[in-house]
Amino acid sequence: MAAIISVSVQAEGFDPGEEYRSLRSENFADGATAMFVGNVRDFSPIEPVGSPVENSKGNSVAVLELEHYPGMAESALTDIARQAAQRWPLGRVRVIHRFGQLRAGEEIVFVGTSSAHRQAALDACAFIMDFLKSRAPFWKKEIGQGAESGHWVQARHSDEDALKKW
Amino acid sequence: MAAIISVSVQAEGFDPGEEYRSLRSENFADGATAMFVGNVRDFSPIEPVGSPVENSKGNSVAVLELEHYPGMAESALTDIARQAAQRWPLGRVRVIHRFGQLRAGEEIVFVGTSSAHRQAALDACAFIMDFLKSRAPFWKKEIGQGAESGHWVQARHSDEDALKKW
Amino acid sequence: MIKVLFFAGLREQLGCDALDVDAADIASIAQLRTRLAGKDAAWQSALASEQLQVAVNQRLATMHADVKDGDEVAFFPPVTGG
Amino acid sequence: MIKVLFFAGLREQLGCDALDVDAADIASIAQLRTRLAGKDAAWQSALASEQLQVAVNQRLATMHADVKDGDEVAFFPPVTGG
């Protein structure tokens, strides 16, 4: 049976609780639901007194700006979700990725999978996140408090490496 | 920094949306939240007309009865959560396991982890579920519709095997 | 006394969820198990399962584990939660 | 015409988010990239990055991919969503 796949690329926020209910609604076949939510971080492990608020790694992020490639973003996420559904026996797959300006704490991304098997749901959720990180056309820019311009987040080798295990 | 671990063994239901909000509340350090929810399945792939409703594998489950070992259930789950927090850099860990009579569709178990790193959150969530399945003292009995007595769910070798990867 | 608990299918087979056993002459789980199996054929059969698991003072243990007066010992089938 | 798009840091470096390029004499992404890099030093520098990624008609492609009249080609830095 083909999985029910739903993908959204949107500026608006979303409610993970609502997404959970939607994954479960009238879904008695799947005993397992795995979810991942990515939120905007905001932390300053080293913030010397009097230092300007910076937007580089480890410093306070006031706003995260997410640029995306409209059209390709949706199709890339759908393609990744389909690959997961071919690989694991999934009932439902839900992927949401936001774009635009997001503040600290806000939700950026949601991946939810349901399956009859817990390992399938968990693996598929991790698989989708790994491929989304390295294959879906979104770019993050950190804009510090008071800063006029921002700082593009650099891709990490560890994200590309994460794909090798699949 | 030590993870904040919260474990509940309870008869009452829970709301995964509420648990998500609790994992995220005032939590700006962790950009990643992974969750797993286990629900009571109810499906009948083969249900010949006129056959009695059975409570064995693959047939309709009216009620799932969860027996647990009070005291040990809590400490086993706490121990598993602590092991996960020692192994991965987690901010928060939440584990809920219900006992008593549950109907099809109801939530049985919740595992939620937050971390600065997506892989840590996802791996820790899967690790906790794997150990919970084979090390926490809960037993499931399926009671078919109209059936007086029930059928104890048998442990699967695949669950024990799942521990080997950790 | 050693407090002995039984859970799930084993509890039902034995028709017993808890009993106290005199700790004299019992130093290990294996000895406790032998003592219990000696009650009658039903107990012998139920406690013979190779899959049987045991906890001492609410922690998983092996059949070789020590046991002493005041301990709480639980026998049960493989767990199936989650 | 080939529609060419630029995203994120590359878009900012070039000060350009989209342009049309005459498809004549261009059969591959590599040729398109060379044509664009020839505009001036800033474009040459920005398009020289080894990390540059490319999509043809909204699918990830390699620099060796074919391209033809009517295609949409996008250049961008490694993605950082999620």
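What you are looking at is a predicted structure, and each value in this text was computed from that prediction instead of being measured. Below, read A as the first sequence line, B as the second, and so on, with proteins coming before strands; counting in each chain starts at 1.
Residues B/Glu107 and A/Tyr20 have side chains that bring a donor and an acceptor to within less than 3.5 angstrom of each other.
Proximity to chain A (any heavy atom under 4.5 Å) is shown, for B/Glu26, by neither the backbone nor the side chain. Within the 4.5 angstrom heavy-atom criterion, no atom of A/Glu19 approaches chain B. In this structure, chain A has heavy atoms under 4.5 Å from both the backbone and the side chain of B/Arg118.
For the set A/Arg21, A/Lys133, A/Met129, the entry with the most heavy-atom pairs within less than 4.5 Å of chain B is A/Lys133. For chain B, the option among A/Val109, A/Asp130, A/Asp123 with the highest count of heavy-atom pairs below 4.5 Å is A/Asp130. For the set A/Ser114, A/Gly112, A/Ala34, the entry with the most heavy-atom pairs within less than 4.5 Å of chain B is A/Ala34.
The heavy-atom pair separating B/Cys125 from A/Leu122 by the smallest distance is SG-CD2, 4.2 Å. The two residues B/Ala116 and A/Arg41 have their closest heavy-atom pair at CB-NH1, 3.4 Å.
The salt bridge (charged side-chain N to carboxylate O under 4.0 Å, His left out) analysis of residues 71-93 of chain A, with sequence neighbours excluded, yields the pairs A/Asp79-D/Arg59.
For the pair A/Thr33/B/Phe36, no side-chain contact is recorded, criterion being any heavy-atom separation below 4.5 Å from C-beta on. The side-chain heavy atoms of A/Val37 and B/Arg24, taken from C-beta on, include no pair separated by under 4.5 Å.
Not counting sequence neighbours, B/Asp30 has no partner by the salt bridge (charged side-chain N to carboxylate O under 4.0 Å, His left out) test. In terms of the side-chain hydrogen bond (donor to acceptor under 3.5 Å, both in side chains) criterion, residue partners of B/Glu106 (sequence neighbours excluded) are, by chain and number, B/Arg98, B/Arg103.
Along residues 158-166 of chain A, the residues that come nearer than 4.5 angstrom to chain B, judged on non-hydrogen atoms, are A/Asp159, A/Ala162, A/Lys165 in order of number.
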